[in-house]
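These notes are about the structure you will find just below.
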Amino acid sequence: AGFDAPGVRVDRKRWNVHGEFELGGLAWRGLWGRDMRGNTAAPRDGGCLEVAQPAGDGAHWYARGSWFTDPQAIPGSDYRTREALIGYSRMSGQGWTWRNEACYRWEDAGTTHTEDFRWLSALDLRWTLQP
């Protein structure tokens with residue numbers, strides 16, 4: 001039952017639909033999900049849509065919009081969050097990826113409302129271990 005009744009088992013159903021395709025030289029990805037806890041709980045819904053465009057030489061631009069609702073996150077309010085993100089990523093032949101992302105996030109829970117802007121700059125390394 002989560003944080004309300006730890007250790008108590010509750011039936012949970014999760015449904016997801018996702019798709020990925022290319023159209024007009026762009027890569028499109030979408031996801032919708034629903035999570036239902038128990039027989040009486042209101043469902044949590046969420047989803048995102050992302051579009052990416054190659055920028056040559058192992059790089060690409062991308063934009064993503066996402067949303068999530070949870071009617072039971074805060075008692076008496078309908079919690080919602082939305083994000084809008086734009087980013088740039090560039091891979092090198094050595095397993096390194098440099099990326100920059102700007103994200104604007106809105107959260108709303110009845111009378112409480114917050115907004116924030118986040119910037120991420122990261123250098124990622126991917127390696128593979130051979131058995």
Side-chain angles (χ1 to χ4, degrees):
F3 297 111
D4 295 333
V8 176
R9 290 185 171 265
V10 172
D11 184 33
R12 185 175 189 158
K13 294 180 179 115
R14 183 173 287 163
W15 304 91
N16 292 300
V17 176
H18 57 90
E20 185 173 331
F21 59 94
E22 289 187 24
L23 179 66
L26 302 173
W28 296 83
R29 293 183 187 136
L31 168 72
W32 170 83
R34 172 167 279 180
D35 183 48
M36 299 180 333
R37 298 158 292 183
N39 295 326
T40 60
R44 297 184 293 180
D45 289 317
C48 71
L49 178 63
E50 180 178 285
V51 60
Q53 179 181 29
D57 200 26
H60 68 276
W61 290 95
Y62 52 96
R64 180 182 314 133
S66 62
W67 59 274
F68 175 76
T69 63
D70 187 350
Q72 296 187 359
I74 300 172
S77 69
D78 189 14
Y79 174 79
R80 301 165 191 252
T81 182
R82 295 171 303 280
E83 287 187 352
L85 179 141
I86 58 170
Y88 174 82
S89 177
R90 180 162 187 204
M91 295 173 36
S92 76
Q94 306 299 323
W96 291 96
T97 301
W98 173 63
R99 63 188 165 107
N100 282 291
E101 296 178 346
C103 178
Y104 195 73
R105 180 181 175 98
W106 302 265
E107 289 185 83
D108 184 43
T111 59
T112 305
H113 176 79
T114 62
E115 297 179 31
D116 62 83
F117 177 77
R118 300 174 188 176
W119 176 267
L120 170 70
S121 186
L123 186 59
D124 302 322
L125 174 63
R126 180 189 309 204
W127 72 89
T128 304
L129 300 175
Q130 299 293 331

If we ignore hydrogens and angles and just use 3.5 Å, is the side chain of T81 paired with the main-chain N or O of W106 as donor and acceptor? yes
From H113 NE2 over to R80 CZ, what is the distance, rounded to the nearest 0.5 angstrom? 12.5 Å
Is it the case that one hydrophobic cluster holds both W96 and W98, taking links as side-chain heavy atoms less than 4.5 Å apart, direct or via other members? yes
For a quick test of reading the model, state the closest non-hydrogen atom pair linking R99 to D124 and the distance between them. NE-OD2, 2.7 Å
Aromatic ring pairing H60/Y62, orientation class (parallel under 30°, perpendicular over 60°, tilted between): tilted
Do other residues, nucleotides or ligands put more than 12 heavy atoms under 6.0 Å from the CD atom of E115? yes
Is there a path of hydrophobic side-chain contacts, each under 4.5 Å between heavy atoms, that joins L49 and V51? yes
Gap separating the CG atom of N16 from the CZ atom of R14, nearest 0.5 angstrom: 7.0 Å
Test of ring centre spacing under 6.0 Å for W119 and F117: no
Which distance, rounded to the nearest 0.5 Å, do you find between the OG1 of T97 and the CZ of R90? 11.0 Å
Within this structure, what is the CD-OG1 distance for the pair E107 and T114, rounded to the nearest 0.5 Å? 4.0 Å
Do you know the tightest heavy-atom contact between P54 and G25? CD-O, 3.7 Å
Partners passing side-chain contact (heavy atoms from CB on, under 4.5 Å) against R34 (at least two apart in sequence or in another chain): W32, M36, P43, D45
Might you confirm whether atom CG of L120 has over 12 heavy atoms from other residues, nucleotides or ligands at distances under 6.0 Å? yes
Under 4.0 Å between a side-chain nitrogen and a carboxylate oxygen: does that hold for R118 and D116? yes
Below 30° counts as parallel, above 60° as perpendicular, anything between as tilted: where do the rings of W61 and Y88 land? tilted
W28 to L23 - nearest heavy-atom pair and separation: NE1-O, 3.4 Å
To the nearest 0.5 Å, what is the distance between CD on E22 and CZ on R29? 9.5 Å
From CG (D35) to NZ (K13), nearest 0.5 Å: 11.5 Å
